[in-house]
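First the structure, in the form of structure tokens, and then the observations on it.
Below, all heavy atoms of this structure are taken into account, side chains as well, without hydrogens, waters or symmetry copies. Naming convention: chains lettered A, B, ... in sequence-line order (proteins, then strands); numbering from 1 in each chain.
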Amino acid sequence: MNSLQYGWRNLWRNTRRTCITLAAVCLSTAILMASYGLMDGLMQHAVSNATNLVVGEVQVHAQGYRADHSIYKALNEPDLILRAAKQKNVAAAPRRYGYGLVAVGTKSAGARFWGVEPASERTTFDLAQHLQEGRFLSETTQRGVVLGQKLARSLQAQIGYEIVVVVQAADGSLGNDLYTVTGILKAVGDSIDRNAALIHAADFVELFVSGERIHEVALNSRGMVSTEGLTALLSIAAPEEEIKSWRQLMPEVSDMVNLFDAFIWIFGLIFLLAAGMGVMNTMLMATYERIREFGILKALGATPWGIIRDVAAEALVLAALGTVLGTILGLAGSYYLQEVGLDLSIFAGTYSVGGVAFDPIWRATISPKMVFIPVVLMLIIALVASLYPAALAARLDPVKAIHRP
Amino acid sequence: MKIFSKVFNKTRYLFIFIAVVLLSHAPVRAQEQPLTPRQILDKVDDLFRSKSSQALATMTVTTAHWKRSLSLEMWSKGKEKSLFRILAPKKEKGTATLRSDNDIWNYLPKVKRVIKLPSSMMAASWMGSHFTNDDLVKESRMADDYTFEITFSGEMQGQEIVEVTCYPKPDAAVVWGKVLVRALRKEYLPLSIKYYDEELLLARTMTFSQVSQLGGRLLPAMVAMVPEDKPDESTVIHYKKIDFDIDLKDDFFSLRTLQK
């Protein structure tokens with residue numbers, strides 16, 4: 001009979017106590033898993049919202065562009081960047097930017113014009129689906145504009161409205177034209193909501209007389225290539241340009257992600273400690289009850305190591321059983337949280353933290369990591385917790401132990 | 001707004017450029033008695049002012065990326081109303097700006113629309129120049145907003161000049177930390193106005209040259225504005241013709257005239 005079988009049998013000598021500890025381990029594991037899933041879900045929601053919507057995982061600009069947004073600071077060879085991305089099967093969107101004035105009737109406001117290629121935006125980002133009203137630009141759109149939410153509101157513009165745009169073109173002339181509002185974005189982030197006016201790249205070139213100038217290429221592999229991988233790829237394709245990851249482009253989101261990570265670990269530690277105490281208590285009691293048994297075992301020639309092994313194995317079996325049940329429960333709970341989610345809409349509508357919009361339904365994400373980490377940690381904690389009672393048992397004096405009443 | 005060059009944030013100063021179209025007349029003549037600093041400032045302010053005026057000018061804007069010349073016709077009445085219309089080049093022909101009190105409207109002939117400038121754009125440049133929209137609407141006098149003293153009087157570069165240094169009054173709504181006006185001592189014609197920011201660093205310099213007879217007055221026909229942080233850039237206004245005290249009705253400065 002090996003230690004594991006021996007442990008298994010011993011566990012069922014006190015069914016009630018074992019069941020209570022089992023329940024504690026099981027619940028701890030399940031809660032740990034579900035909360036990890038929820039935190040991970042929130043984190044991924046934040047990151048993917050932040051990156052997939054419009055920013056991307058990595059962006060390339062000309063050196064100094066981000067400081068003053070000058071229309072003259074364009075990328076030297078955007079084609080090389082786009083080609084490099086294509087070779088790696090990473091979606092990329094080239095963008096042109098310029099500033100100007102938009103007016104509807106007597107309302108007018110400053111705007112940042114985005115000259116976008118609708119097809120690239122569609123394949124690279126989710127922005128094209130992130131509309132409150134109307135449609136995104138299409139390849140054939142002419143003189144159509146998609147407005148940020150707050151910009152549209154301040155202009156009191158609606159779908160189909162004609163808006164006047166006035167800009168300082170790159171050649172110094174006054175560019176002006178009439179555009180039709182084809183779409184209004186949902187909330188994205190404050191600056192986009194307030195001033196974004198998206199137009200077709202061809203319209204942009206005509207309006208701003210900007211020629212070949214491209215100010216930004218945003219890459220988005222949707223997690224297929226790591227941020228570091230993308231940065232490395234770009235630093236070969238465009239060594240003289242400024243390459244920034246989403247963590248650098250959106251430090252507030254990056255901070256938030258780090259914070260979530262810390263939360264998960266703190267939560268996890270608390271649950272693990274509680275479960276570990278439970279295991280230790282059970283093993284202490286089990287050892288205490290069986291002092292005479294251990295004395296006899298030792299008298300029959302059991303080595304201290306053998307006894308430690310037996311006690312640890314018992315704890316391990318207990319923890320293993322608990323984590324298996326906990327995993328089943330935790331996965332079931334996480335599945336529910338993934339599919340249905342927690343509806344926070346009674347507390348708030350779409351809310352925004354650090355410029356990232358969140359959905360009011362909080363969903364978990366299921367990942368191998370969320371099973372692996374709690375289970376392994378739980379087993380380690382159970383093992384560690386059993387060492388103290390095991391050491392006590394191993395050091396028993398057989399004669400005294402046998403004669404214990 | 002960055003586009004229209006953010007060089008001159010929040011200038012709240014009266015420029016000769018606008019002064020062309022502003023306020024009452026004051027004959028410019030050599031004075032026997034040296035003027036007080038206040039009189040000198042008023043003279044500079046009143047240089048181009050009149051009950052009404054009509055002028056033709058070219059505005060040449062040079063930036064690091066382009067250089068272009070606009071030909072302009074301007075009208076003014078009192079200190080509240082003015083109208084500017086671009087005559088050339090072809091792309092901007094007919095583009096016009098109407099200023100009435102504190103509001104500015106632009107007419108865009110290409111799209112046949114009038115748009116009212118939002119207040120957030122007041123600090124933006126006017127027609128791509130180194131002047132801001134705010135420069136167009138400023139109407140108060142230097143002597144009212146600043147305390148001043150003569151800081152130099154004598155010969156400089158072969159000319160008899162007088163220099164007045166102005167510091168803003170604590171409650172004055174001006175953005176400059178200091179303004180330095182240099183004028184010829186004889187005719188009290190301005191030579192230059194230097195604008196310093198709140199840290200007393202030079203922000204921009206306006207210079208006056210080519211004194212000639214315009215509309216019956218002796219005036220500098222060329223006014224140049226150079227931003228300090230971009231010394232290679234400039235906006236130069238060259239007056240070809242000015243008529244003062246012409247007959248202009250108030251309703252000339254209307255949205256209807258703007259769209260002609």
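In terms of heavy-atom pairs under 4.5 angstrom with chain B, the leader among A:Ala103, A:Gly105, A:Ser173, A:Ser108 is A:Ser173. Taking chain B as the reference chain and counting heavy-atom pairs below 4.5 Å, the highest number among A:Asp171, A:Val164, A:Asn195 is found for A:Asp171. Interface remark: of the candidates B:Ile86, B:Leu108, B:Val114, B:Val61, B:Leu108 forms the most heavy-atom pairs closer than 4.5 Å to chain A. Of all the listed residues (B:Arg68, B:Lys116, B:Lys112), the one sharing the greatest number of non-hydrogen pairs under 4.5 Å with chain A is B:Arg68.
The aromatic rings of A:Trp114 and A:Tyr97 stand perpendicular to each other, their planes meeting at an angle above 60°, with 30° marking the opposite boundary.
Note that CZ of A:Arg122 and CZ of A:Phe136 are 6.5 Å apart. Values are rounded to the nearest 0.5 Å.
Of the N and O atoms on the side chains of B:Thr132 and B:Trp126, not one donor lies less than 3.5 Å from an acceptor on the other residue.
Using a 4.0 Å cut-off between charged side-chain N and carboxylate O, A:Asp68 and A:Lys73 make a salt bridge.
For B:Lys110, the parts lying under 4.5 angstrom from a heavy atom of chain A are both the backbone and the side chain.
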* **Residues A:Phe113, A:Tyr99; criterion ring pair (Phe, Tyr, Trp, His ring centres under 6.0 Å); working and verdict** => CA-CA 6 Å; A:Phe113 289 90; A:Tyr99 289 86; 8.8 Å; no

